[in-house]
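Everything on this sheet refers to the single structure shown next.
Just so we're clear, the structure is a prediction, and the values are computed from it rather than from any experiment. Residue numbering restarts at 1 for every chain, and letters A, B, ... go by the order of the sequence lines.
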Amino acid sequence: MGMDFSTLRTLISRYCAGEENCVDTRTVYIGHKEPPPGAEAFIQQRFPDNRIVSSKYTFWNFIPKNMFEQFRRVANFYFLIIFLVQLIIDTPTSPVTSGLPLFFVIIVTAIKQGYEDWLRHKADKAVNQCLVQVVQHGKVILKHSRKLTVGDVVYVKEDESFPCDLILLSSSRDDGTCYVTTASLDGESSHKTYHAVQDTKAYKTEEEVNCIHATIDCEQPQPDLYKFRGNINIYMGNEPVSRSLASQNLLLRGATLKNTEYIYGVAIYTGMETKMALNYQSKSQKRSAVEKSMNAYLVVYLCILISKAVINTALKYVWQADPNRDEPWYNGKTESERQRHVLIRAFTDFLAFMVLFNYIIPVSMYVTVEMQKFLGSYFIMWDDEMFDEELGERAVVNTSDLNEELGQVEYVFTDKTGTLTENNMEFIECCVDGNVYVPHIICNGQVMPGAAGIDMIDTSPGPEAREREELFFRALCLCHTVQVKEEETVDGIKHGIHQGKSSSFYISSSPDEVALVEGMKRLGFTYLRLKDGQMEILNREDEIERFELLEVLTFDSVRRRMSVIVRSSTGELYLFCKGADSSIFPRVVSGKMEQIKARVERNAVEGLRTLCVAYRRLSPEQYEQVCHLLTRAKLEFQDQDKLVAEAYDLIERDLILLGATAVEDRLQEKAADTIESLHKAGMKVWVLTGDKMETAAATCYASKLFRRSTQILELTTKRTEEQSLHDVLFELSRTVLRHYGSMPRDASSGLSSEYVDYGLIIDGATLSAVMRPSQEDSNSGNYKEIFLEICRNCSAVLCCRMAPLQKAQIVKMIKSSKEHPITLAIGDGANDVSMILEAHVGIGIMGKEGRQAVRNSDYAIPKFKHLKKMLLVHGHYYYIRISELVQYFFYKNVFFLFPQFLYQFFCGFSQQPLYDTAYLTLYNISFTSLPILLYSLMEQHINMDILKKEPTLYRDIAKNSLLTWPIFIYWTVLGVYDAIVMFFGAYFLFDNTTFTSNGQMFGNWTFGTLVFTVLVFTVTFKLALDTHYWTWINHFVIWGSLVFFVVFSLLWGGIIWPFLNYQRMYYVFMQMLSSGPAWLSIILLITASLLPDVVKKVFWRALWPTTTERIQAKRRCLASEPSTIFMLSQTSSRISF
Amino acid sequence: MMASSYNAKEEDGHHSGSSTHGGTGAPKNKKPDNTAFKQQRLPAWQPILTAGTVLPAFFVIGLMFIPIGIGLYVTSNNIKEYEVDYTGVEPNSPCYDCANNFTWNSTTPCVCTVTFTLTQPFESNVYMYYGLSNFYQNHRRYVKSRDDSQLNGVQSSLTNPSKECEPYRTNPETKQPIAPCGAIANSLFNDTLELYYSQPDGNTSKVTLVKTGIAWYTDKHVKFRNPGNDKDNLTERFKGTAKPVNWLKPVYELDPSDSENNGFINEDFIVWMRTAALPTFRKLYRIIQKKPDSTPTLASGKYVLKITYNYPVRSFDGRKRMILSTISWMGGKNPFLGIAYITVGSICFFLGVVLLIIHHKYDTRSNSADIPN
């Protein structure tokens, strides 16, 4: 919906209007000249200089500030506390064990952030040091950008960008306009026209500009790019002239001057107060469902940790009640220990136990998850299948935090135009008074020379009709905001303009307008350019007609129409209006409404985008009135938008209908296939569009959102006019629920043949009625619930006639409904930004409507069809991978720590660690970290081709199914079981006997090392059993980390380490390995630990296989299928590292 | 709303794909590399755990583990072990008096004798252990109460032991540093056990007990070292240090008969210093070497164990034992490993059978079942 682009601004300004009344104003003296004494006394304000600071830190505050920010994260803070406790009290493990990993993480993060900030500093410096031309005392001097102050008059040349927010004073053009592209601000590449105030546009040299004596009153800076209000008071002679200023007078920092030789402007917002700088804030961070489960698990583990510590502390004091246990003769306490108060001792003991067990919540999990997300997102960017040759674009990942969320999507909200469809508009036909015109040659938007012929479908019109026909064509040539690009740089060669020929370019933010203007060109009327307020048209007789453009009543999505007021060369005044049929017909007083309406409806059913065109002849008096209305509205400071809207409403009335146009927007390649796959994957697809119902419904049928069998439920204005909203809603819900009530819930998965699926169509007006908060009766509050209930049972919903904010509202409503489903919004235009930001996952399409959506999205893809691979393959993989990562981390830590807990029962609850410090520290950092990281990057439980072919597999992981509490408890119980097996296995082996062949005895460190060896091997083998995709990298890492453990242990125990004050591990590992029973028990314990998990897996697979498992099995059976072999050989031939 | 959410993505450039990959250039550069790794299509082995694949593994494990278990069990059963508890808790036990009259400052050692009968001869080398119960050598305060560098012969640690040794770091009266310091060393087991064989003819002969070879080779030769110069007298080398409070004699008199077994490298001391894993433990005390002829090392018959009772355990309800044991390749008597192997092997075998049934019953079904689309 190209036209909706400007809509958003209007809406947004409305939205913001409420908060803004409190904003103060500021006064700017142009060229720092004091106003004449007669003027009002202004209070001089202090303004910041033009320094841009995007960096977060300075050299001095980097360390404290960065540390503060890092320790604000709960995990870091937790580990800091543990570390401090270790430093302060006498704890079982040395502070190094938690300090080393913590400081590693902190320092790496700090270096990364410091480097990024250094880059920002550099960029800031470059920006702040760059030279700007400023007029001072009638001369242009060079100044560093950062030294600019409010009130400076700045001189900017073509292709330079503005150093701060400027009010345009004058330009090289006589009409005081200049062209600007805001591509770097909002992604719109079209040139926008900005105007100078009438009274200053004549001051064109630095001397003249220096003479301007004026002040500007304007609002304090605010971030809305499209909103500005102010006043300029010009002191010429005695009487100050006051003119209003609006956003078309304000040149924003970051925008670039185009097609204009130079301009003069006065700085009003500088430095961090420019609108660009105010927009630097980052958007709120989205958190994935997996992260939420992870935090919930963390809380559980924290509780386990605390209860473990409490239990042990309590037992310790029960056990120690006998003084001979507390302090036997062989194990005396120091004097200070003895004198400590019992409560302090108990508290210290509690802390010591906390420290002993703190590894149950590992720092490394956070690091691994971060790395997995960051590195994993590269696979999306690298994906060849998501590369679009035509656009030369590949998928972009703006945030890697949501990778796994792609595998959890339940609702897909998609825009229609540019997302489902190509947004490649083609003029199909127009209908004037019931006569249909079709341009001869349509060649993909390219006009063939001499293609001025017209196919007349109806009978040839009479002279009166001919006049109306030409008026219609002129109306379409005039009523638009298209710009003609005067020159185009192609491959560095500048092409001159060939007027009226195929090499001229039309640029507009709305592709519909371009299609219409190009269509008119093919019908014989060519729009040439806008020059000095004159619009030039080349008519069929190759004559240039000139119309003076008086007013543009810009498009907005509330009115859904736009108008222009022009004066023809003969002096007649016309108002041309074009817009959606629903917004034109009520305002039409005459014209062949019936015929046109019929044609519009016919076209809409075929999926064409239709617009109606109407006009109104204005008498000079009426025009006076119009001008009066508009200027009054525009002068108003407050409620400007409201007044303008009212004025427009008054002006656009009593129209005479001329005709209608039809523009086709083709479906994107494989859109239907994608939607079908999403449906099969159990996702509900909603199309949210600003288009009219019939057009949108046709697109929905074409894209298989609705099928022939789909029963369509309508919730539209048309129906609610007949019945009350209340009745319609209840009727619909009854229809839907009756059906569902009669069949079991799980049959609704779309597999049964007699399943009726419902499609709902709702329009914007009805939707707002449904969503309106309850006012008088309590019933209306229920509407939302009933509506949600209906929606829940519909596989596809079409929302048409939607305003951008309504799109976001719908997403929000679904998001906050009681199941809290995961939503995904996909769109290409600025009007989709609000829903992209609102949804859990926002996806931008690299479309034609600027890059706003892409910039605000979490992921961006070139085409809609890429969504299929994104969700079904990447999303699925990421979800599988990260859920295993999270569960595995908790598993391996409970497995790690539980033996230590059990050991307390055999060492008098003295917090004696079971494992050596090095093992405690390195377990999570190096012995068991890489295999899981690699698993979480490489795992493919099913081939990606099968994932794409079988979208139903996506249902297997829906609703966060791999991170549910039962599965979490299973993993934890498995960890506890393994720990018990391992601990007591070693216990019975050590129990009062020897297991060496020379009769010598082993001590407690051998005991710990035996347990730890079994632990490392079991944990790694467990992962190996879970790995379904063994590349050589997996082999390398899994076996490599085991080898590393062995080599490290040999080395660690092989040398008397001079820097250590204990040598407890000396030769422990080797001595252990020299004992046969140790080997045997290691093998036994590993087998016994892994056995239940294997059995569980095999039994579940055999008895209750999931779809995934069935397909895995099927694939196995067909392993010799030629295609598989072909594919494998193909891939293996392509390896190139 | 849009304006406030509008956000310059360049800010967090490191997440942005284009900036990290230099993809900002010409569109052609943006095409991802078509490598197997980047396309996640590396050739891979894709195993699945199904009843069919796991079955053989289960049978193999079962068939391997059960014989190993039986072997281990038989071996363990063939080991001969004899245990004498000489704590002296019961009034009729020979060491009752010694245990009850124990005082730290007694100058005359209390000696008691226990007689026992070996019904079977002990072949090959026989190992003599002492066992303690309810003795928490693995208590944290105890485990860390040592100074490994002092034991390694570092001179500075000899005169200035680690703080970890508190309160056994310095002698409270003389303020001299204790060598060896710490609770472990201080509580060195100091009962003396001697074994006599009562020959059938009424004579008793002393059984030769070898006191070396009981500690780890690496401990004896690397980890533990006497301080100072080898040429000096051991007494000289420990000059300026105090003996541990509970010791009767200083460290350099642990075994005056053998200079290679004296001081820190005394093997009884080294054995004691290796803290036990569990509160009930045994430590190797002496080795009875097998005789060159074919006579059993310990013939069956009556034996007398003569104990010099120095070590109090009654205060913490401890027990003291003397254990005689033969050793196989798998160590001392421990039926656990054999039983565990047999159990796990049997379970695997049983599961294998169950899986076989399931495999036949269900796998065909699930294979033929249509995959829903």
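- Sorted pairs that involve residues 992-1007 of chain A and meet salt bridge (charged side-chain N to carboxylate O under 4.0 Å, His left out), not counting sequence neighbours, are lacking altogether.
- With chain B as the partner, the residue from Lys1097(A), Gln940(A), Lys333(A), Met938(A) showing the most heavy-atom pairs under 4.5 Å is Lys333(A).
- Ring orientation note: the planes of Trp329(A) and Phe316(B) are tilted relative to one another, at an angle of 30° to 60°.
- Residue Pro167(B) comes nearest to Gly332(A) through the heavy atom pair CD-O, 3.5 Å, listed as atom of the first residue, atom of the second, then distance.
- In terms of heavy atoms, Leu337(B) sits closest to Ser1081(A) at CD1-CB, 3.8 Å.
- In this structure, the side chains of Gln40(B) and Tyr877(A) come closer than 4.5 Å at one or more pairs of heavy atoms.
- Counting all heavy atoms, side chain and backbone alike, Gln1000(A) lies closest to Ile214(B) at CG-O, 3.4 Å.
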*asked:* Could you walk me through whether Phe1002(A) and Trp216(B) satisfy the side chain to side chain contact (heavy atoms under 4.5 Å, CB included) test, starting with their C-alpha distance in whole Å, then the side-chain angles of each, then the deciding distance to 0.1 Å, before giving a yes or no?
replied: CA-CA 9 Å; Phe1002(A) 288 151; Trp216(B) 293 11; 3.2 Å; yes
*Check the pair Leu1084(A) / Phe65(B) against side chain to side chain contact (heavy atoms under 4.5 Å, CB included), numbers first and verdict last.*
CA-CA 9 Å; Leu1084(A) 174 82; Phe65(B) 274 29; 4.0 Å; yes
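- Heavy-atom pairs under 4.5 Å with chain A were tallied for Asp317(B), Leu355(B), Val344(B), Thr275(B); the largest tally goes to Thr275(B).
- Of all the heavy atoms in Asn138(B) and Phe906(A), the pair that sits closest is ND2-O, 2.9 Å.
- With a threshold of 4.5 angstrom between heavy atoms, Tyr311(B) approaches chain A through side-chain atoms but not through N, CA, C or O.
- Side-chain atoms of Asn331(A) do not come within 3.5 Å of backbone N or O of His139(B) as any donor-acceptor pair.
- Side-chain contact between Thr218(B) and Gln1071(A): present, with at least one pair of heavy atoms (C-beta onward) separated by less than 4.5 Å.
- Proximity to chain A (any heavy atom under 4.5 Å) is restricted, for Ile68(B), to the side chain, taken from C-beta onward.
- Contact check for Asn1061(A) versus Ser162(B): no side-chain heavy atoms found under the 4.5 Å cut-off.
- No side-chain heavy atom of Tyr987(A) sits less than 4.5 Å from a side-chain heavy atom of Phe336(B).
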*Gln46(B) and His1028(A): CA distance, side-chain angles, deciding distance, side chain to side chain contact (heavy atoms under 4.5 Å, CB included) verdict*: CA-CA 5 Å; Gln46(B) 299 175 37; His1028(A) 294 106; 5.6 Å; no
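- For the atom pair CG of Asn125(B) and CG of Asn998(A), the computed distance is 10.5 Å after rounding to the nearest 0.5 Å.
- Among Gly1008(A), Gly985(A), Gly1076(A), the residue with the largest count of heavy-atom pairs under 4.5 Å with chain B is Gly985(A).
- Heavy atoms of Arg321(B) lying under 4.5 Å from chain A belong exclusively to its side chain.
- The backbone N or O of Gln1063(A) lies less than 3.5 Å from a partner atom in the side chain of Asp148(B), making a donor-acceptor pair.
- Using a 4.5 Å cut-off between heavy atoms, Phe58(B) touches chain A through its side chain atoms alone.
- Shown here are the ring-ring contact (aromatic ring centres under 6.0 Å, His included) partners of Tyr1067(A), two or more places apart in sequence or in another chain: there are none.
- The pair Asp90(A)-Lys144(B) meets the salt-bridge criterion, since a charged nitrogen lies less than 4.0 angstrom from a carboxylate oxygen.
- Counting only heavy atoms from C-beta outward, the side chains of Trp382(A) and Asp33(B) never approach each other to under 4.5 Å.
- Between Leu284(B) and Thr994(A), the closest side-chain pair of non-hydrogen atoms is not below 4.5 Å.
- A pairwise comparison of heavy atoms in Thr996(A) and Ile327(B) identifies O-CG2, 3.8 Å as the closest pair.
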*Should Trp45(B) and Tyr1029(A) be marked as a side chain to side chain contact (heavy atoms under 4.5 Å, CB included) after you check the CA-CA gap, both sets of side-chain angles, and the distance that decides it?*
CA-CA 6 Å; Trp45(B) 172 51; Tyr1029(A) 195 76; over 6 Å; no
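- A ring pair (Phe, Tyr, Trp, His ring centres under 6.0 Å) with Phe37(B) is found for exactly one of Tyr378(A), Phe379(A), Trp1032(A), namely Phe379(A).
- Counting heavy atoms from C-beta on, the side chains of Pro47(B) and Trp1030(A) come closer than 4.5 Å.
- Under 4.0 Å is where a charged nitrogen must lie from a carboxylate oxygen, and between Lys31(B) and Asp384(A) at least one such pair does.
- Top candidate by heavy-atom pairs under 4.5 Å with chain A, chosen from Ala183(B), Pro312(B), Gly213(B), is Pro312(B).
- Side-chain atoms of Tyr903(A) come within 3.5 Å of backbone atoms of Ala277(B) as a donor-acceptor pair (strictly under, hydrogens ignored).
- Here the straight-line distance linking atom CG of Leu49(B) with atom CD of Gln1112(A) works out to 10.0 Å at 0.5 Å rounding.
- For Arg274(B) (side chain) and Gly1003(A) (main-chain N/O), no donor-acceptor pair under 3.5 Å exists by modelled atom type.
- Within the 4.5 angstrom heavy-atom criterion, only backbone atoms of Ala276(B) (N, CA, C, O) approach chain A.
- Contact record, Gly999(A) with Tyr129(B): O-OH, 2.7 Å, taken as the closest heavy-atom pair.
- For the pair Leu1080(A)/Tyr341(B), a side-chain contact is recorded, criterion being any heavy-atom separation below 4.5 Å from C-beta on.
- When the options Thr53(B), Val54(B), Val354(B) are evaluated for a side chain to side chain contact (heavy atoms under 4.5 Å, CB included) with Val1098(A), the one that passes is Val54(B).
- Note that CE of Met330(B) and OG of Ser997(A) are 11.0 Å apart. Values are rounded to the nearest 0.5 Å.
- In this structure, the side chain of Arg1101(A) does not engage the main chain of Ala51(B) through any donor-acceptor pair within 3.5 Å.
- With chain A as partner, the option from Ser157(B), Gly332(B), Gly131(B), Ala57(B) having the largest number of non-hydrogen pairs under 4.5 angstrom is Gly332(B).
- Of all the listed residues (Gly331(B), Cys348(B), Ser145(B)), the one sharing the greatest number of non-hydrogen pairs under 4.5 Å with chain A is Gly331(B).
- For Thr993(A) and Asn334(B), the side-chain atoms include no donor-acceptor pair closer than 3.5 Å.
- Proximity to chain A is limited to the backbone of Lys333(B), based on heavy atoms less than 4.5 angstrom apart.
- At a 4.5 Å heavy-atom cutoff, Ile287(B) makes no contact with chain A through either its backbone or its side chain.
- Annotation: maximal heavy-atom pairing with chain A below 4.5 Å, among Thr280(B), Val143(B), Ile184(B), occurs at Val143(B).
- Residues Arg41(B) and Glu385(A) are paired through a salt bridge, judged by an N-O separation under 4.0 Å between the basic side chain and the carboxylate.
- Considering only heavy-atom pairs separated by less than 4.5 Å from chain A, the leading option among Ile323(B), Leu278(B), Asp219(B) is Leu278(B).
- There is no contact between Leu151(B) and chain A, counting heavy-atom distances below 4.5 Å.
- Ile339(B) CD1 to Phe988(A) CZ: the interatomic distance, rounded to the nearest 0.5 Å, is 10.5 Å.
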